[in-house]
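Chain identifiers are assigned alphabetically (A, B, ...) following the order of the sequence lines, protein sequences preceding nucleic acid strands; residue numbering begins at 1 within each chain. These numbers come from a predicted model, not from an experiment.
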2 protein chains.
Amino acid sequence: MIQLYDLETKYPNVRFSPFCWRVKYALAHKGLRWEEVPIGFTDKDKLPSPNEGKVPVIVDDQEVVSDSWDIALFLDTKYPNDPLFDGAESRAQAYFIKSWSEMVLQILISRMGILDFYEVLKDSDKGYFRDTRESRSGVTLEEWGGNPESARTEFLKALEPLRVTLKHQSFLGGAQANFSDYIMVGLLQWMRCGSSLTVFDENDAVFEYQEKLLDLHDGLGRLSLPYSSAIADE
Amino acid sequence: MIQLYDLETKYPNVRFSPFCWRVKYALAHKGLRWEEVPIGFTDKDKLPSPNEGKVPVIVDDQEVVSDSWDIALFLDTKYPNDPLFDGAESRAQAYFIKSWSEMVLQILISRMGILDFYEVLKDSDKGYFRDTRESRSGVTLEEWGGNPESARTEFLKALEPLRVTLKHQSFLGGAQANFSDYIMVGLLQWMRCGSSLTVFDENDAVFEYQEKLLDLHDGLGRLSLPYSSAIADE
């Protein structure tokens with residue numbers, strides 16, 4: 001069975017790595033089964049080689065593939081049924097959607113939720129997370145995440161192109177979800193499972209889209225507890 | 001031959017409608033020939049029916065189709081060779097790219113260039129243009145376009161997802177341009193032909209992309225004079 005190295009948190013049922021969620025949805029899309037190997041930021045030496053020092057990494061029949069985009073391409077080559085892209089153009093355009101999500105949305109989600117993401121990590125990962133993020137941004141986590149409401153306003157505005165698209169079609173992939181949508185559900189799960197934020201009004205088309213994505217593949221996305229439930233269970 | 005109703009300016013060789021440029025590139029992509037019918041904002045009564053009161057409108061063998069997106073779909077159905085999209089997913093994802101370009105980039109270009117766009121119009125169109133734009137934005141053209149340098153900074157930042165994509169592939173469509181790229185060239189032509197702005201550094205990947213798009217289909221995009229040459233010729 002395929003093994004997927006996934007980011008561990010301090011709650012066994014909370015997983016929030018946006019890049020690992022992309023891969024889980026890609027695997028489920030193809031009807032493949034997998035086993036998750038939870039691993040902390042500071043357990044990199046346990047990753048199979050070769051790797052880029054971060055999750056996701058999959059091991060499939062002794063082949064090791066890392067990086068969620070490369071894993072998607074690998075899966076479409078090895079398991080051509082139920083493709084993640086219906087052609088070269090949708091793959092190329094998905095790369096743009098990936099870039100948009102990473103350049104625009106990811107930064108805003110991190111500004112909204114970083115203090116929660118920090119809190120939900122295993123204690124042994126917290127020092128690493130703080131050091132790497134603070135050296136990357138040049139400010140403390142508390143400064144970076146200090147105005148979540150303003151980041152939320154920007155985030156909701158930045159989603160406008162997606163919102164307009166969802167008036168026209170069910171998914172970025174059209175009538176059915178494709179890998180572009182799995183890029184989006186990754187981001188949404190990061191926020192939903194890794195933070196206590198209530199970001200969307202329930203009548204926001206993006207909220208309805210999130211719900212549809214969570215329902216896909218037998219409710220795959222709901223297998224991780226949302227942060228608020230995890231905290232309540234403590 | 002297909003007729004394309006295109007926005008007229010005061011210079012016979014300057015055409016800047018972003019939506020008409022999308023259609024010209026789509027026609028050229030399919031190797032179709034067309035005849036342009038220049039028409040002003042205030043000549044709507046000369047448009048063939050049915051129409052939405054604006055260009056582009058095409059007439060193909062007595063069929064009238066308006067709206068650049070609907071024209072693209074019509075062309076792919078009637079002339080399936082050299083498709084504008086290689087499948088349903090690339091068409092769906094192109095709708096997202098269209099929405100992104102309209103919600104994010106179009107506003108910034110208009111804030112950069114609106115006073116030039118106004119200037120390049122036929123005198124008989126200026127009143128209509130000012131009235132409709134001012135009532136839409138709630139401010140005068142001069143206020144809307146009063147800080148082009150700040151809009152330019154935002155525009156260059158907003159292009160970052162495209163810039164990252166262009167490091168990975170030649171076009172949004174991948175190795176070859178598809179309709180997503182024609183949406184982009186429309187916007188770029190609007191700025192290049194309708195305004196005197198120098199927006200890009202020449203080593204910006206988006207500038208190189210613009211040049212590649214202008215070269216396509218025998219240099220189609222270069223058939224319209226840029227604003228600066230038109231002014232110089234006066």
Indicate yes or no: at least one non-hydrogen side-chain atom of His168(B) is less than 4.5 angstrom from one of Trp69(A). yes

With chain A as the partner, which of [options] has the greatest number of non-hydrogen pairs under 4.5 Å?
options	result
Ala88(B), Gly174(B), Ser101(B)	Ala88(B)
Phe96(B), Phe85(B), Phe171(B)	Phe96(B)
Ala158(B), Ala175(B), Ser180(B)	Ser180(B)

Checking Val164(B) against chain A: side chain, backbone, both or neither under 4.5 Å from a heavy atom? both

Which atoms of Gln169(B) approach chain A - backbone, side chain, both or neither, heavy atom under 4.5 Å: side chain

So how far is it from [X] [atom1] to [Y] [atom2], rounded to the nearest 0.5 Å?
X	Y	atom1	atom2	answer
Ser99(B)	Glu160(A)	OG	CD	9.0 Å
Ile97(B)	Trp100(A)	CD1	CH2	11.0 Å
Gln93(B)	Asp181(A)	CD	CG	8.0 Å

Of the backbone (N, CA, C, O) and the side chain (C-beta and beyond), which part of Ala94(A) lies under 4.5 Å from a heavy atom of chain B, both, or neither? both

I'd like to know if the side chain of Glu89(A) and the backbone of Asp86(B) have a donor-acceptor N/O pair within less than 3.5 Å. yes

Of all the heavy-atom pairs spanning Pro161(B) and Val104(A), show the shortest one and how long it is. CG-CG2, 4.0 Å

Within 6.0 Å of [atom1] in [X], more than 12 heavy atoms from elsewhere:
X	atom1	answer
Lys78(A)	NZ	yes
Lys30(B)	NZ	yes
Gln106(A)	CD	yes

